[in-house]
Amino acid sequence: MTPTDADTVRAPSARLLLLEARAAQELALSPLRLRGLHRDLPRGDGHAVLVVPGFGAGDAATRPLRRVLRALGYRAVGWQQGVNLGMRPAVKEALNAQLSALHERHGPVSLIGWSLGGVFVRELARHRPQQVRRVFTLGSPINLRPDANNMMALFRLMNAGRPVNLDLDGFRRRIPSPPVPCTAIYTRTDGIVAWPCCLEPESDHAENVEVRGSHLGMPFNPEVVRAIAERLARRP
């Protein structure tokens, strides 16, 4: 990505947005596609993994991913805060408390965030790197510009028309990767977030992994699960 890309990148097209309907089929097929997948993946060491859902979703959406991770031996848990409606003081406090509690019991925690959840876990890692082992973002708007997505209208609808405050300076400050190993998983056919905005900036501790599929289907996409499991098994 070049500096000018931030000026030219736009939200995914209407065609890509309509393609997100395939997530229903991906979900219907997920029990078959994920069944037995753990037998072909490296075993985990038992450390804790916290999974944060995307905007408008709750822990039910990430259950297929957590189920495979638990089968591999990880202590995979959801965020336990209901539907993700955006960052609020109570949400921030609860996430910090949950991370601290998991770290106290199990040592450094790996964090996985889908879509907006990836923005949350990146900031957790930035402010508490000593408690975090690795960070994974799944189709998360972390780079270039915060409005190159099709989530804004949905955010306004689910927040009773509350205006969206685009803090561009704050967003730019958050673009650099937190000081822990980071993996950004993205799909070029993402109909929700412009895929260039889902990439970690180049650094010696960050990587970008491309998969096939929809944005909404990421938590139960076998390619996503495999990419996460292979990296979780690496020694910190």
Looking only at heavy atoms, which two atoms of H205 and S177 are closest? And how far apart?
NE2-CB, 3.7 Å
Can you tell me how far CE of M218 sits from OG1 of T62, rounded to the nearest 0.5 angstrom?
14.5 Å
Just wondering, do V91 and Q81 contact through their side chains at under 4.5 Å, heavy atoms?
yes
Which heavy atom of N143 sits nearest to which heavy atom of P196, and what is that distance?
CB-O, 4.1 Å
Only one of I185, L199, T137 clears side chain to side chain contact (heavy atoms under 4.5 Å, CB included) with N208; which?
L199
Under the criterion salt bridge (Lys or Arg N to Asp or Glu O under 4.0 Å), I'd like the reasoning laid out for R235 against D45: C-alpha separation, chi angles, the key distance, then a yes or no.
CA-CA 9 Å; R235 294 184 63 84; D45 60 3; over 6 Å; no
List the steps, then state whether side-chain contact (heavy atoms from CB on, under 4.5 Å) holds for L65 with V225.
CA-CA 6 Å; L65 169 59; V225 176; 4.0 Å; yes
Would you kindly confirm whether L27 and L19 end up in one hydrophobic cluster when ILVMFWY residues are joined by side chain heavy atoms under 4.5 Å apart?
no
Apart from I175 itself, members of its ILVMFWY cluster (side-chain separation under 4.5 Å) are F171
Is a side-chain donor or acceptor of Q98 paired with a backbone partner of G78 at a separation under 3.5 angstrom?
yes
Pair L99, V132 - check side-chain contact (heavy atoms from CB on, under 4.5 Å), show working.
CA-CA 8 Å; L99 175 59; V132 176; 4.1 Å; yes
Considering residues, nucleotides and ligands other than R234, do more than 12 of their heavy atoms fall under 6.0 Å from its CZ?
yes
I want to check something: taking the side chain as every heavy atom from C-beta on, are R231 and E207 in contact at a cut-off of under 4.5 Å?
yes
So CE of M151 and CG of D147: to nearest 0.5 Å the spacing works out to 10.5 Å
State whether the number of non-hydrogen atoms from other residues, nucleotides or ligands found under 6.0 Å of Q130 atom CD is greater than 12.
yes
Using modelled atom types and a 3.5 Å cut-off, is there a donor and acceptor pairing between side-chain atoms of R66 and backbone atoms of D59?
yes
Would you call N149 and C197 a side-chain contact if the rule is heavy atoms closer than 4.5 Å?
no
Residue E230 excluded, over 12 heavy atoms near CD under 6.0 Å
yes
Using 0.5 Å steps for rounding, measure from the SG atom of C198 to the CG atom of L144.
9.5 Å
Residue pair Y186 / V211, side-chain heavy-atom distance below 4.5 Å
no
Determine whether the side chains of E26 and S214 contain a donor N or O and an acceptor N or O closer than 3.5 Å.
yes
Regarding H215 and S115, do their side chains bring together a donor and an acceptor under 3.5 Å, going by distance alone?
yes
Please check if the side chain of R33 supplies one atom and the backbone of A28 the other of a donor-acceptor pair under 3.5 Å.
no
Decide yes or no on side-chain contact (heavy atoms from CB on, under 4.5 Å) for I112 and L69, but give the supporting numbers first.
CA-CA 11 Å; I112 302 173; L69 295 180; 3.8 Å; yes
Sub-4.5 Å side-chain heavy-atom contact between L95 and W79:
yes
Approximate separation, where rounding is to 0.5 Å, of L116 CG and M87 CE
7.5 Å
Can you give me the closest heavy-atom contact between A233 and Y74, atom names plus distance?
N-OH, 3.4 Å
Close side-chain approach of V109 and V49, heavy atoms under 4.5 Å
no
Contacts of H38 meeting side chain to side chain donor-acceptor pair (under 3.5 Å) (sequence neighbours excluded), chain-then-number -> none
Minimum heavy-atom distance V83-G56, with the two atoms named:
CG1-C, 3.6 Å
Over all heavy atoms of both residues, which pair between V193 and P12 is shortest? Give the atoms and the distance, please.
C-CG, 3.5 Å
Chi angles and distances behind the side-chain contact (heavy atoms from CB on, under 4.5 Å) call for L32, R35
CA-CA 5 Å; L32 178 63; R35 183 182 303 154; 4.0 Å; yes
Taking the side chain as everything from C-beta on, heavy atoms only, tell me whether F136 gets closer than 4.5 Å to L111.
no
D190 side chain to W195 backbone, donor-acceptor under 3.5 Å:
no
Closest non-hydrogen atom pair between P64 and F220, with its separation:
CB-CB, 3.9 Å
Is the backbone of L85 close enough, under 3.5 Å, to the side chain of R88 for a donor and an acceptor to pair up by distance?
yes
Is it true that the side chains of T189 and R22 contain a donor and an acceptor less than 3.5 Å apart?
yes
Residues two or more places apart in sequence or in another chain: which of them pass side chain to side chain donor-acceptor pair (under 3.5 Å) with N221?
none
Any ion pair linking R126 and E123 (charged N to carboxylate O, less than 4.0 Å)?
yes
Tell me whether D40 is salt-bridged to R226, with the criterion being a basic N under 4.0 Å from an acidic carboxylate O.
yes
What's the spacing between L124 CG and S100 OG if we round to 0.5 Å?
9.0 Å
I need the D169 CG to R173 CZ distance, nearest 0.5 Å.
6.0 Å
Answer yes or no: is there an ion pair linking R172 with D167, defined by an N-O contact shorter than 4.0 Å?
no
Using the side chain to side chain contact (heavy atoms under 4.5 Å, CB included) rule, pick out the option among V51, L138, V209 that qualifies with I228.
L138
Validation row: S140, R122 side chains within 4.5 angstrom (heavy atoms)
no
Checking side-chain polar atoms at under 3.5 Å, does R75 have a donor or acceptor matched by the opposite partner on H47?
no
